[in-house]
2 protein chains.
Amino acid sequence: MDQTLRDRWLAEADRTLSRAGRRAGAARTAIVELLASDGQCLLTAQELLDRLPHGSPSSVYRTLDELFALGLVHRLNAHDGVARYEIADPLRHHHHFIDVGTGTPTPFTDEALERAIQAVARRLGVQLSGHDVVIRGRKILDETES
Amino acid sequence: MDQTLRDRWLAEADRTLSRAGRRAGAARTAIVELLASDGQCLLTAQELLDRLPHGSPSSVYRTLDELFALGLVHRLNAHDGVARYEIADPLRHHHHFIDVGTGTPTPFTDEALERAIQAVARRLGVQLSGHDVVIRGRKILDETES
DNA sequence: TTATATGCAAAAGCTTTGCATGGGT
DNA sequence: ACCCATGCAAAGCTTTTGCATATAA
């Protein structure tokens, strides 16, 4: 399990937020912990809100903005125009496959893809600050599975 | 110049729309022609509206939805959450570099990147229906330029 | 002639902001 | 004590929808 990874990001988040002069209220604490939960990928503000015992839309949006501004979360605007967030951890760097049938996102990593992106940036004379790759399609079901 | 490319897409668009039972009104015609103009990349509905002599928000959004549903345009949700459209032409396939300073998008193509994406899809067992790559950063200005 | 396109106005949804109150440090 | 966080309510924006009218085929 990557309990360790989760705690590392939580610690990092707390440290970064403190240094920025932010204080830990109930809403922020709950949001940060939710984002760090295992298997969480591309959560919307609404989804976070639904899972919070307490918390108002404004707290959620404000906290997410804060986290995004500090580089603690990634923000991805999906095809439906709704912003989705996930923790930004170098050790969990990944991209997403979106099933066009269900809309479900699946994370994946690929070394060759990363190298290709670095190469493009070099060729274009760009100092990279971030990159997103989204691939859309349908899972091929062959006889060997399900 | 790629006048030829433009006309090819325009013809294709008209044909596809007709086959879908759509009719060519003033608004749609203007929108389609604007999209096909040279150098147009990632236009917002608002930008289109501003450049239309006539046309209402509803016509613009409805036409863009129609074009998107028929696969005639790509829709990209930028970081600001506003949808941007550009014509979908296999011969103009490209991705985008977004300058984090100005927000300006610059199109680019890269063969190695395309191959990497195809390889990922194969590895994941995914039949690709589309993919987007966005790289964000800052242009490096060295002594040899500007 | 008949189904579709258009435009206006109203509504819907996500997100932001103002402000008074509560709470962290 | 001071300043930040929170929550409510209201506002802002982009986008969608209902409906009457105009228009393409």
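Each chain gets a letter, A, B and so on, in the order its sequence line appears, and its residues count up from 1.
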Checking all strands, does G81(A) fall into the base, sugar-phosphate, or nothing category for heavy-atom contacts under 4.0 angstrom?
nothing
Describe the nucleic acid contact of R62(B) in one word from base, sugar-phosphate, nothing, applying a heavy-atom distance below 4.0 Å.
base
Separation of [N] [atom2] from [X] [atom1] (nearest whole Å):
X      : N       : atom1 : atom2 : answer
H54(A) : dC8(D)  : NE2   : P     : 11 Å
D80(B) : dT16(C) : CG    : C1'   : 14 Å
R28(A) : dC4(D)  : CZ    : P     : 13 Å
R22(A) : dG24(C) : CZ    : C1'   : 13 Å
L48(A) : dC14(C) : CG    : P     : 14 Å
E66(A) : dT15(C) : CD    : P     : 17 Å
D14(B) : dA24(D) : CG    : C1'   : 13 Å

Could you check T29(A) against S18(B) and say which one's nearest nucleotide on DNA chain D is further toward the 5' end?
T29(A)
By nearest-nucleotide position on DNA chain D, the 5'-leaning member of R23(B) and S59(A) is S59(A)
Tell me whether the side-chain N/O atoms of Y61(A) come closer than 4.0 Å to OP1 or OP2 in dT15(C).
yes
Electrostatic pair [X]-[Y], nearest N-O below 4.0 angstrom:
X       : Y       : value
D99(B)  : R136(B) : no
D132(B) : R75(B)  : no
R8(A)   : D89(A)  : yes

Ring center gap for H131(B) and H93(B) short of 6.0 angstrom
yes
Aromatic ring pairing H95(B)/F108(B), orientation class (parallel under 30°, perpendicular over 60°, tilted between)
tilted
Should the side chain of S58(A) and the base of dC8(D) be counted as holding a donor-acceptor pair, with the cut-off at 3.5 Å?
yes
Choosing from dG7(D), dC4(D), dC14(C), which nucleotide comes nearest the side chain of V82(A)?
dC14(C)
Report the residue (N77(A) or G55(B)) whose heavy-atom-nearest nucleotide on DNA chain C is the more 5′ of the two.
G55(B)
